Novice: 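Structure below; questions to follow.
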Amino acid sequence: MADFKSLPGFREFYPEDRAVLDHLFKVWRQACRRYGFREWESPVLEPLELFTEKSGEEIVRQLFNFEDKGGRQVSLRPEMTPSLARMVGARANGMAKPIRWFAIGENYRYEKPQKGRLRAFYQLNADLLGEAGPTADAELMALCADCLLGFGLTSNDFRIRISDRTLWFRYLEGQGVPEPKIAGVLNVVDKLERGSPEELLKAMNLAIQDTACDAVKLLEAARRFAAINSIADLEKLAAGDAPMMARLEDWRQLLSTVEALGFRDCVTIDLTIVRGLAYYTGFVFEAFETGGDARALAGGGRYDTLVKKMGGPDLPAVGFGMGDVTVRDLLQSKNLIPTYADGPEFYVMILGPEARATALADVAALRRAGFRVEYNFRDGKFGKLIQTAENIGASYALIYGGEEVAKGETKVRCLRERVEGMVPRADLVPALRAVREEGIKAILP
RNA sequence: GUGGAUGUAGCUCAGUUGGUUAGAGCAUCGGUUUGUGGUACCGAGGGUCGGGGGUUCAAGUCCCCUCAUUCACCCCA
């Protein structure tokens, strides 16, 4: 078997694992549908340029890319947003706005696997296109929260940290950073929490090369700004700065919408979040677990220029992604994964060759009626078969022996309660529907 | 991409200073004299000890390489 191991960073899902994945998808899908989002899908394999176009050549190191037999440079998708931008862009003119779309798909990144990061992972993507106002951002944050609350998590288990690249741009302009350099400075800001002082200074110096700025002072200013966590403090700082004040109005609208929707407990202002990606243009947010590891569960933000950059119309957009790996870990640690039970509802025990044809006819009828039914392929002894029914997790055993077949009846035994009753074969389907609803007592005298 | 730790049955692990044919528990399958089960008893299958090379009369055990897992860094759409 050693020669056929699965590739590093790729997971195999045995039925009990696949059931967990199904649970994640189900909760996500339900939440998205409640918000009026429609599901879409795109190819797993795409032209390499689709991804380098948006993120630059350096992204190739993280891409699962290769040359196909036709000599095309291709890559497994590392994310779905470029495909979304292409699809929406192609038909946006004819679509009713705002567009609410979600997708659940497997994505691939060529990285060294470690905890919470694999080479293949599933991700929920939800995007809202065609609405530029902060109410759309609020809607996405609410959906993001509901995609976590739907598992039984509470607002104490995670927090959505909201930040704003627009605000950062205004602030850094005010600090004298020329516009083309701001994105680079924000990349340094992104590392404020993790980097050592020397590394940060070095990175900042690089980012403000050929400008009049002072790296030490700018780092200090960035730290001060990042530490702000209330609208009131932002107002003090923005006094007299008209664009900044205007942006704060957007903030107030965002937060009041989030509050009106009932999610104020789930969000917090945290300007340390800037997101590494340059295509974000306004509000950005990340959901973190509040427990020990504080790992990121989801991330997103506004990307108003991307669709146009991908060749589509000028279409404002906001979206987020949520991965299956960290969510699964969190749910496991909180004991919020439902127990895996998918044994058959009915196990048909065929006790001898004379009963087989009769039993199989009923098996088929029950299956047509929508019941989950299994039966023994080879005739067996009673004790063995009832043990099998128990072991595979069946709820009820249906017993077909000489006695039952002769009387035209089926014996139904509840494995859990260890009681049994007789049902005429002619009434089997309606009788078992009653049993499914009310339990074995439905057919007891 | 860099560094540390770890690889023995499906799972959890034993395995003496190197010493016969590598073990246990759980799980799986079969049985305990042919219609009532979660316990008990008996039995079976299942391992090139991650892979390759070396040292030795002898390697699961010591050495080298490699692969994988895992943790940290880098990165994180």
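Chain letters run A, B, ... following the sequence lines, proteins first and then strands; every chain starts at 1. All values derive from a computational prediction rather than experimental measurement. The analysis underlying the following values was restricted to heavy atoms, covering all of them including side chains, and did not include hydrogens, waters or symmetry mates.
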Novice: A:Arg117 CZ to B:C74 P: how many Å, rounded?
Specialist: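 So the two atoms are 11 Å apart, to the nearest Å.
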Novice: Without decimals, in angstroms, what is the distance between A:Phe382 CZ and B:U36 C1'?
Specialist: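 After rounding, the reported distance stands at 4 Å.
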Novice: Just by distance, do the side chain of A:Glu404 and the backbone of A:Gly401 share a donor-acceptor pair under 3.5 Å?
Specialist: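 Yes, the answer is positive, given that a donor and an acceptor are paired below the 3.5 Å cut-off.
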Novice: What about the rings of A:Tyr400 and A:Tyr375, do their centers lie closer together than 6.0 Å?
Specialist: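 No, too far apart.
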Novice: What is the distance from CD of A:Gln123 to C1' of B:C76, rounded to the nearest Å?
Specialist: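 Between C1' of B:C76 and CD of A:Gln123: 11 Å.
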Novice: Could you tell me whether a side-chain N or O of A:Arg100 sits under 3.5 Å from a main-chain N or O of A:Arg38, the two making a donor and an acceptor?
Specialist: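 Side chain of A:Arg100 to backbone of A:Arg38, a donor-acceptor pair under 3.5 Å: no, none is there.
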Novice: What integer number of Å spans the C1' atoms of B:A68 and B:A77?
Specialist: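 These two C1' atoms come out 28 Å apart once rounded.
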Novice: Counting only N and O atoms by type, is there a donor-acceptor contact under 3.5 Å from the side chain of A:Thr272 to the main-chain atoms of A:Ala226?
Specialist: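 Here the side-chain-to-backbone pair does not exist.
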Novice: For RNA chain B, which consecutive runs of 3 or more Watson-Crick or G-U pairs (each distance under 3.5 Å) count as stems?
Specialist: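 Listed by first number, the stems are B:1-7 with B:67-73, B:10-13 with B:23-26, B:28-32 with B:40-44, B:50-54 with B:62-66.
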Novice: Judged by atom type as modelled, is there a donor-acceptor pair below 3.5 Å linking the side chain of A:Lys411 to the main-chain atoms of A:Glu409?
Specialist: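 Flag not set: sc A:Lys411 to bb A:Glu409 has no pair under 3.5 Å.
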Novice: Please work out if A:Leu415 contacts a base, only the sugar-phosphate, or nothing of the nucleic acid, heavy-atom cut-off 4.0 Å.
Specialist: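 Base contact.
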Novice: CZ of A:Phe51 versus P of B:C75: gap in Å, rounded?
Specialist: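 Spelled out: CZ on A:Phe51 to P on B:C75 is 22 Å.
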Novice: Mind calculating the distance between CZ (A:Arg119) and C1' (B:A68) to the nearest angstrom?
Specialist: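 Spelled out: CZ on A:Arg119 to C1' on B:A68 is 12 Å.
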Novice: On a whole-Å scale, what distance lies between the C1' atoms belonging to B:A44 and B:G1?
Specialist: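 Taking atom C1' in both B:A44 and B:G1, they lie 50 Å apart.
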Novice: What distance, rounded to whole Å, do you find between the two P atoms, one in B:C71 and one in B:U17?
Specialist: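 Looking at atom P only, B:C71 and B:U17 are 32 Å apart.
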Novice: Rounded to the nearest Å, what distance is computed from the CD atom of residue A:Glu111 to the P atom of nucleotide B:A72?
Specialist: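 Roughly 15 Å, once rounded to whole Å.
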Novice: Do A:Glu286 and A:Arg161 meet the salt-bridge criterion of a basic N to acidic O distance under 4.0 Å?
Specialist: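 Salt bridge: no.
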Novice: Provide the distance between the two P atoms, one in B:U61 and one in B:U16, to the nearest whole Å.
Specialist: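 So the two P atoms sit 11 Å from each other.
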Novice: Using the P atom as the reference point in each nucleotide, state the distance between B:A22 and B:A59 in Å, no decimals.
Specialist: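 One P to the other, the span is 13 Å.
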Novice: Just the atom pairs and distances: protein N or O near nucleotides 27-33 of chain B's N or O, under 3.5 Å.
Specialist:
unit_1	atom_1	unit_2	atom_2	d
B:U32	OP2	A:Lys381	NZ	3.1

Novice: Base of B:U36, side chain of A:Arg418 - is there a donor-acceptor contact under 3.5 Å?
Specialist: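 For A:Arg418, whose side chain was compared with the base of B:U36, there is no donor-acceptor pair (under 3.5 Å).
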Novice: Heavy-atom nearest nucleotide on RNA chain B for A:Pro113 versus A:Gly380: which residue maps closer to 5'?
Specialist: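 So the residue in question is A:Gly380.
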Novice: Picking from B:A68, B:U36, B:G38, which would you name as closest to the side chain of A:Gln387?
Specialist: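 Of the options given, the side chain of A:Gln387 lies nearest B:G38.
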Novice: Is A:Arg77 salt-bridged to A:Glu46, cutoff N-O under 4.0 Å?
Specialist: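 The answer is no: the pair does not qualify as a salt bridge.
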Novice: Mind checking the P distance from B:U70 to B:U12? Whole angstroms is fine.
Specialist: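 Roughly 13 Å separates the two P atoms.
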Novice: Among B:U70, B:G35, B:U69, which nucleotide has an atom closest to any side-chain atom of A:Lys112?
Specialist: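 My answer, after comparing the listed nucleotides, is B:U70.
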Novice: I need the CE-P distance between A:Met349 and B:G35, as an integer number of Å.
Specialist: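 Atom CE in A:Met349 sits about 10 Å away from atom P in B:G35.
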Novice: So, A:Arg159 side chain and A:Ala287 main chain: donor-acceptor pair closer than 3.5 Å or not?
Specialist: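 Not confirmed, A:Arg159 side chain does not pair with A:Ala287 backbone.
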Novice: Check this for me, if you would: do A:Arg328 and A:Asp17 make a salt bridge, where the nitrogen-to-carboxylate-oxygen distance has to be below 4.0 angstrom?
Specialist: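 So A:Arg328 pairs with A:Asp17 through a salt bridge.
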Novice: Check the distance between B:U34's C1' and A:Ile350's CD1 and give it to me in whole angstrom.
Specialist: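 Distance, rounded to whole Å: 18 Å.
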Novice: Is a side-chain donor or acceptor of A:Asp190 paired with a backbone partner of A:Leu186 at a separation under 3.5 angstrom?
Specialist: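 A pair under 3.5 Å: no.
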Novice: List the residues meeting ring-ring contact (aromatic ring centres under 6.0 Å, His included) with A:Phe225, not counting sequence neighbours, and say none if there are none.
Specialist: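 Checked A:Phe225 against ring-ring contact (aromatic ring centres under 6.0 Å, His included); matches are A:Trp168, A:Tyr171.
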Novice: Please classify the nucleic acid contact of A:Glu199 as base, sugar-phosphate, or nothing, using heavy-atom distances under 4.0 Å.
Specialist: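 Nothing: the residue A:Glu199, judged by heavy atoms under 4.0 Å, touches no strand.
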Novice: Given B:U36, B:G35, B:G1, which nucleotide is nearest the side-chain atoms of A:Glu420?
Specialist: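 My answer, after comparing the listed nucleotides, is B:U36.
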Novice: With sugar-phosphate meaning primed atoms plus P, OP1 and OP2, does A:Lys191 contact a base, only sugar-phosphate, or nothing at under 4.0 Å between heavy atoms?
Specialist: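 The answer is sugar-phosphate, as A:Lys191 gets under 4.0 Å only of primed atoms, P, OP1 or OP2.
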